[in-house]
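Reckoned from all heavy atoms, side chains included, excluding hydrogens, waters and symmetry mates.
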Amino acid sequence: PNFFRSMEKTGEGTVVAAASKSMHRAKSFQKKTRVERIYPSYEKMLDQEQLDAVYVATSHNFHYENTLHCLNRGLPVLVEKAFTRNAVEAEKLIALARRKNLFLMEAMWTRFNPAIVKLRELLHEGIIGDVKRLNAAFCVRMNPCSLKTAPWNRMYSPRLAGGALLDLGVYPITFARMVFGKAPVKICGSAEKAWTGVDKTSEYLFDYSGGKRAELISSFGQSRPRDAVITGTAGQIRVPVFMHPDHFIVTRTGHAEETIRIDPERLDNGSPGFQHEIREVHRCLRGKLLESPLMPLDETLEIMQTMDALRTQWGVKYPGE
């Protein structure tokens, strides 16, 4: 529903159809959004609709299959994060999109948040000198699930490619890639596993050339402030709720503390929404760009490779891989 409302807010497009393997969920979505047409399968929707682009927001295990169907029908695609289950799937989709000259982008909506865009500019300008360290956490305490509900709980279910890493950890990992502008040279991670075998709490320690380091954590078993702290040779930046901030605080040597506030455009329910991400897709399509310079496909692939390396260390493998 938030994506639908965000699309309406932009005034740049219309959600004309939606599909789900569950007609109960599809009808519920239709009731909430008033979308005109719903379908019991993604293939049927693609066969019967004349679409300009598709937004894939299924569980991680279906991203590859659903996006493949869209690309093979010549449709541009916006794919929810995490892009796929693993780097092999991501690489195949990227290669296909490039071969067919089709737009493809990971829906890392926070990358297009106005405060994050401004933060990126200031880091590039060297506002706190050479960035040396990043600490970031995305942790939220969720209710444990039972044996009966586990197969349908996307956080606990291995079948649905669940776990903290792909759902929550992708945020600080992507944020680190943005802050340092490159992949880590050393990746170390640890995971506390849920009884289903997926990571419930996972920590990531990334080392970069030049003595730079990122310390990151994600969890659906504990709660803590969802902040990021970037430390450089000439100061520090704290980003409260770094996934969708409306401000950040800059502390520099010899300067007074400064709060830089850039409010994102919000939906009527108070959510920051996906407007900025949607506008970027439309901008790219109008300009006949095949990928976004703010969230390029090579970066998406690199992030998937980083997460693969972590799961290999933990011995976490999803069914079908």
Close side-chain approach of [X] to [Y], heavy-atom, < 4.5 Å:
| X | Y | value |
| --- | --- | --- |
| Ile173 | Phe206 | yes |
| Leu285 | Asp52 | no |
| Met105 | Glu277 | yes |
| Phe112 | Ser292 | yes |
| His282 | Met7 | yes |
| His276 | Trp109 | no |
| Phe83 | Val170 | no |
| Asn113 | Met243 | no |

Specify the closest pair of heavy atoms between [X] and [Y], including all atoms of both residues, with the distance to one decimal.
| X | Y | result |
| --- | --- | --- |
| Pro76 | Leu102 | N-CD2, 4.5 Å |
| Met304 | Ala90 | CG-CB, 4.0 Å |
| Ala176 | Leu216 | CB-CD1, 4.1 Å |
| Leu165 | Ser202 | N-OG, 4.2 Å |
| Ala228 | Phe175 | CB-CE2, 3.7 Å |
| Leu123 | Ile127 | N-CG2, 4.3 Å |

Given side chain to side chain contact (heavy atoms under 4.5 Å, CB included), test Thr67 with Leu104 step by step and report yes or no.
CA-CA 9 Å; Thr67 305; Leu104 180 64; 3.9 Å; yes
Side-chain donor-acceptor contact under 3.5 Å, [X] with [Y]:
| X | Y | value |
| --- | --- | --- |
| Lys92 | Thr84 | no |
| Arg238 | Gln236 | no |
| Glu49 | Tyr39 | yes |

Under a 4.0 Å N-O cut-off, is there an ion pair linking [X] with [Y]?
| X | Y | result |
| --- | --- | --- |
| Asp207 | Arg213 | yes |
| Arg311 | Asp308 | yes |
| Arg85 | Glu89 | yes |
| Glu215 | Arg133 | yes |
| Arg98 | Glu291 | yes |

Between [X] (side chain only) and [Y] (backbone N and O only), is there a donor and an acceptor less than 3.5 Å apart?
| X | Y | value |
| --- | --- | --- |
| Gln275 | Ser6 | no |
| Lys81 | Asp167 | yes |
| Asp227 | Val241 | yes |
| Gln313 | Gly189 | yes |
| Ser20 | Ser22 | yes |
| His244 | Thr110 | no |
| Glu258 | Ile249 | no |
| Lys44 | Ala19 | no |
| His63 | Ala82 | yes |

Same apolar cluster (I L V M F W Y, side chains within < 4.5 Å links), [X]/[Y]:
| X | Y | value |
| --- | --- | --- |
| Val229 | Ile116 | no |
| Phe138 | Met142 | yes |
| Val15 | Met23 | yes |
| Ile230 | Leu205 | no |
| Phe62 | Val79 | no |

Could you give the distance from [atom1] ([X]) to [atom2] ([Y]), rounded to the nearest 0.5 Å?
| X | Y | atom1 | atom2 | result |
| --- | --- | --- | --- | --- |
| Thr231 | Ile237 | OG1 | CD1 | 9.5 Å |
| Arg120 | Leu122 | CZ | CG | 13.0 Å |
| Asn66 | Glu43 | CG | CD | 7.5 Å |
| Lys32 | Arg5 | NZ | CZ | 8.0 Å |
| Ile187 | Met307 | CD1 | CE | 11.0 Å |
| Leu166 | Ser218 | CG | OG | 10.0 Å |

Does [X], at its [atom1] atom, have more than 12 non-hydrogen atoms belonging to other residues, nucleotides or ligands within less than 6.0 Å?
| X | atom1 | answer |
| --- | --- | --- |
| Arg141 | CZ | no |
| Lys9 | NZ | yes |
| Asp268 | CG | no |

Going through the distances and angles, do Leu134 and Tyr208 end up as a side chain to side chain contact (heavy atoms under 4.5 Å, CB included)? CA-CA 11 Å; Leu134 168 66; Tyr208 301 83; over 6 Å; no
query: Is the Phe242 to Tyr171 ring centre distance short of 6.0 Å?
result: no
- May I have the step-by-step check of side chain to side chain contact (heavy atoms under 4.5 Å, CB included) for Leu297 and Leu290, ending in yes or no? CA-CA 10 Å; Leu297 293 172; Leu290 300 183; over 6 Å; no
**Asked** Under 30°, 30 to 60°, or over 60°: which ring-plane class applies to Tyr55 and Phe274, parallel, tilted or perpendicular?
**Response** tilted
Margin query: Between Met155 and Leu168, does the side chain to side chain contact (heavy atoms under 4.5 Å, CB included) criterion hold? Intermediate values first, please.
Written below: CA-CA 10 Å; Met155 296 302 293; Leu168 307 175; 4.3 Å; yes
